[in-house]
Every structure is written in structure tokens, then in C-alpha cells.
Amino acid sequence: DDLDTFSFHVSPITAINEMDINKLDIYPNPFSDQLKIKTKEPTHIILTDIYGKIVLSEKIRKEWVNTQNLKSGIYSYQLIKSQEIHSGILIKE
């Protein structure tokens, strides 16, 4: 027999850590010339285009991030704060 045998253990979920939406928010989506990022902790934003190229990477010093130089399209974002990374998709008009 050429079959491989795999074994694994599945544990039930005992707790879920939920993101406190009052501590982190990014909007509007779709956006145009600026993104507003509401956070109570130091945060770093990374925007990548559909090819995975980093088009914006900066530490957030104020609520508004200038996005005037970005072309219209779909971007993925990562917001990095403390030991957490939050990610999603944004659309620039």
C-alpha cells in the first residue's frame, strides 16, 4: 500500500479573543484622498496593491492618512499594533 497515514487532534474552542472595535477602526471604504484610522494605541499601517507591492507604510501619528498619491484600485491593508495584526481589503475610488 502506498497510502500515507496522517493523524491529528482537534481541540474544541474554549474562548475567542474579540477585537475591541472601539480601539481600532479604518474608514471610509471605498476611500478617495484620505483614510481615517481610529486607534487608541500606536499603530503602523501597510497598504499593498493587488501585486503585493507595498505602496504605503507608515506609523500613524494622527487620525488621517494621506492617500492622494495612490491610484484607483483594490488594496489590502495591515494595521499593526502591539502584538496584533488586523488586515482587510480597501478600495480607492
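It should be emphasised that the depicted structure is a prediction, and the values quoted were computed from it without experimental measurement.
In the hydrophobic clustering of this structure, Y51 groups with I74; members are Ile, Leu, Val, Met, Phe, Trp, Tyr whose side-chain heavy atoms approach within less than 4.5 Å, directly or through other members. Both I85 and I54 sit in one connected hydrophobic cluster of ILVMFWY residues. Membership requires side-chain heavy atoms under 4.5 Å apart, directly or through other members. A single hydrophobic cluster is seen to contain both I50 and I89, as judged by linkage of ILVMFWY side chains at heavy-atom distances under 4.5 Å, directly or through other members.
Between the K92 side chain and the T67 main chain, a donor and an acceptor come within less than 3.5 Å of each other. Remark: side-chain polar atoms of D49 are not paired, donor with acceptor, to backbone N or O of S76 under 3.5 angstrom. When atom types are taken as modelled, the side chain of T43 and the backbone of I60 share no donor-acceptor pair closer than 3.5 angstrom.
Separating the CG atom in L35 from the OH atom in Y77 is a distance of 9.5 Å, to the nearest 0.5 Å. Rounding to the nearest 0.5 Å gives a distance of 12.5 Å between CG of N29 and OH of Y75.
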Take H86 and K81 through the test side chain to side chain contact (heavy atoms under 4.5 Å, CB included) and record every step on the way to the result. CA-CA 8 Å; H86 303 279; K81 63 176 195 148; 3.8 Å; yes
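Each of I80, T39, I26 was checked for a side chain to side chain contact (heavy atoms under 4.5 Å, CB included) with I45, and the lone residue meeting it is I26. Of the candidates N66, V65, I46, V65 is the only one forming a side chain to side chain contact (heavy atoms under 4.5 Å, CB included) with L56.
With side-chain heavy atoms closer than 4.5 Å counting as contact, directly or through intermediates, Y27 stands alone and belongs to no larger hydrophobic cluster.
The heavy-atom pair separating P28 from K36 by the smallest distance is CD-N, 4.5 Å.
Annotation: salt bridge (charged side-chain N to carboxylate O under 4.0 Å, His left out) contacts of E58 (sequence neighbours excluded): none.
For the residue pair S72 and E93, no side-chain donor N or O sits within less than 3.5 Å of a side-chain acceptor on the partner.
In this structure the side chain of H44 never reaches within 4.5 angstrom of the side chain of Q78, judged on heavy atoms.
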